[in-house]
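All chains are named by letter (A, B, ...) in the order of the sequence lines, taking the proteins before the strands, and each is independently numbered beginning at 1. What you are looking at is a predicted structure, and each value in this text was computed from that prediction instead of being measured.
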Protein chains: 2
Amino acid sequence: MKIGQATIKDIARELNISSSTVSRALKDYPGISDETKRKVKEVAEKLNYRPNAIALSLRKSRSFTIGVIIPEVVHFFFSTVISGIEEVASSRGYNVILSQTNESFAREKSSIDTMLSNQIDGFLVSFSKETTEFDHFSKLLDQSYPIVFFDRVPNIPNAISVMVDDYQGAYKATSHLISQGYTKISHLVGPPTLAISRERERGYRDSLANHGIQIYPELIIECAYGTSDEGFKVTEALLKNGKTFPDAIFANNDMAAVGAMLACRSMGIKVPDDIGIVGFSNWQFCSMIEPSLTSVSQPGFKIGETATQMLLDMIEKKLDPDSITAPIVLETELLVRKSSVK
Amino acid sequence: MKIGQATIKDIARELNISSSTVSRALKDYPGISDETKRKVKEVAEKLNYRPNAIALSLRKSRSFTIGVIIPEVVHFFFSTVISGIEEVASSRGYNVILSQTNESFAREKSSIDTMLSNQIDGFLVSFSKETTEFDHFSKLLDQSYPIVFFDRVPNIPNAISVMVDDYQGAYKATSHLISQGYTKISHLVGPPTLAISRERERGYRDSLANHGIQIYPELIIECAYGTSDEGFKVTEALLKNGKTFPDAIFANNDMAAVGAMLACRSMGIKVPDDIGIVGFSNWQFCSMIEPSLTSVSQPGFKIGETATQMLLDMIEKKLDPDSITAPIVLETELLVRKSSVK
DNA sequence: TTGTAAGCGTTATCAA
DNA sequence: TTGATAACGCTTACAA
């Protein structure tokens, strides 16, 4: 598009040689005289020549671009993952093309379509909350199109996944509350469509069971949007009208946890004395709020890095997808702060 | 790359017609029989045909992709801008390719290079803190390559910029502190390379001056990284060893403001009673911390939207860059919370 | 209404 | 050591 964007042909014309020679000289192919190489590079420099990656893509049927499908960008965890993705991709010479679905299934599908049109070499996907049907991914996997799922991973054949140990994170969080003497522990559950929600709930339940603590079904409450507003509302309702009054809340995400904390404050309930609170994800604000919020930290950057390494290895055939039979599971860390320590 | 990715030729072969006819049929060109159109579309469907955007780009010398150069992704303001960019770009049929510089000048230049190789149609740029020299942008502007700068904008000819009124935001913040009775107001200044830092400082100074409040140079402190750690350290130093003890702090960003707040707390100084604090950017945590943090909110999403609209309009020749002679300046809003109200 | 052919910028193959 | 040519997938004059 740029006027005067020089091409190989321009260099060839200037030197009265063929474009194939120019191409070879630029890449230091053997069998080209040093003299020619020198001249070609000189002219390339002079004309400010820049290889056209689009032409290359067409030629090689490889775009050196990967597509990232993500629910939200304005989100501590996801933006951290993106950062890890970007880091690895750029160091290995790949471009990152980004699309956020805003948790919409339709948007997810259409993003995939445009990216496919753009001949991207592979996908990094964390699917939307609305996504309950995975044909659009299965189809691609059947064609052995390289995809790595992260965090939100589907339960379909041949899917390669990088995730954190949500079960263990939730187990540790709950056990911590128990160790602090809390016994009526409520759980704010995430969207039921996501395995991470179910795993976290499972970790919560197992911890209670293994510690011989009673499980109160009425303390297990869905909090699907994961906003602080929602956390506020469900907590307020729970504390006002609930059959059983909790002495702790384990929220499946930090936003909801903050909402719960604000609800407690608005009702004059002391955290952590009356009610202990633990969140999930370790958003930056956890250490800034008062009381500081205990949370399960997920290695977002590492997830991004790992998923991208695997994807690029698959693309470059250094990694056989069939050799990966189980999800890669990264450890979480429980960061204990004031909100849960009596 | 995918085995069996159908092309126009495949459709043509299947129907024994020419590929140009197929091309035209697919785009509902006039002068193609309905019968042919029907058949072509049917076969396209059957073969799961997907146009190759790379081939199209090469043909049209247009990639329908814009490049975004951004300092950090894990940053409330920038991620909000990205969200706005993504929204507009995708609704207008453009892809977004993303590169974060991590505040490195070298990285900024190399990102631009690869993006140019990839024939992107235009740039959206917020440059790095290290960037003090703008030749790499000027060169592109001279070739009338479409670029829109946002937030961090350079002072070079023909640059098109979308920014917020940092001066006014800082002025409002400072005036608010004054109205609350604070008089020894410290300012934590951002990186001196960025105009936004200088503008915020200017707003701060002008507000003091216009209100007839004394300016203490020793209360104006550089806090270039803008982390909460740095904010903590400089505040602690100021409170311990400073010549003049402040009764308020206006930090050029929220992270530094939180650091300042934590420093006060660690020294037993009450916010807002002993010291009032105001930040800038309105990160999500502002309303979650205790005391909640007064902050100047910037319309990040709108900045992203506006910049992208302008860029795409320039690319599509709906907007003549020469008609834009001044930066687009969006309003800020001061959100008064507890940290600054006595 | 449809087909032919050239071209976007590269590079691989074959020939010289 | 270099050159001519074809091909990647698509669009578009021009011709039929």
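- The aromatic rings of Phe64(B) and Tyr94(B) sit tilted, their planes meeting at an angle between 30° and 60°.
- Near-neighbour residues of DNA chain D inside residues 29-41 of chain A, defined by a heavy atom below 4.0 Å, number-ordered: Gly31(A), Ile32(A), Ser33(A), Thr36(A).
- Rounded to whole Å, the distance from CG on Asp10(A) to P on dC8(C) is 10 Å.
- Between Asp28(A) and Lys41(A), at least one side-chain nitrogen of the basic residue sits less than 4.0 Å from a carboxylate oxygen of the acidic one, meeting the salt-bridge criterion.
- Distance, Arg24(B) CZ to dC14(D) C1': 10 Å, rounded to whole Å.
- The CD1-P distance, from Ile11(A) to dG3(D), rounds to 14 Å in whole Å.
- Put simply, Thr21(B) has a side-chain N or O that comes within less than 4.0 Å of OP1 or OP2 on dG3(C).
- Ion pair Arg152(A)/Glu108(A) not flagged as a salt bridge, since none of the NZ, NE, NH1 or NH2 atoms sits closer than 4.0 Å to an Asp/Glu carboxylate oxygen.
- Residues passing the side-chain hydrogen bond (donor to acceptor under 3.5 Å, both in side chains) test with Gln100(A), sequence neighbours excluded: Ser83(B).
- The residues Glu42(B) and Arg38(B) are annotated as salt-bridged, a charged nitrogen and a carboxylate oxygen being separated by less than 4.0 angstrom.
- Look at Asp10(A) and Arg13(A) and you find a salt bridge, because one of the NZ, NE, NH1 or NH2 atoms lies within 4.0 Å of a carboxylate O, short of that distance.
- In this pair, Phe78(A) and His75(A) present their aromatic rings tilted. The plane angle is within the 30 to 60° band.
- Atom P of nucleotide dT11(D) and atom CZ of Phe64(B) are separated by 11 Å, given to the nearest angstrom.
- Atom CD1 of Ile17(B) and atom P of dA16(D) are 21 Å apart (whole Å).
- Using a 4.0 Å cut-off between charged nitrogen and carboxylate oxygen, Arg107(A) and Glu87(B) count as a salt-bridge pair.
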Taking only N/O atoms, report every protein-nucleotides 8-10 of chain D pair under 3.5 Å with atom names and distance.
| unit_1 | atom_1 | unit_2 | atom_2 | d |
| --- | --- | --- | --- | --- |
| dC8(D) | OP2 | Lys9(B) | NZ | 3.2 |
| dC8(D) | O2 | Arg59(A) | N | 3.3 |
| dG9(D) | N2 | Ala55(B) | O | 3.3 |
| dC10(D) | OP1 | Tyr49(B) | OH | 2.6 |
| dC10(D) | OP1 | Asn52(B) | N | 3.2 |
| dC10(D) | OP2 | Ile8(B) | N | 2.7 |

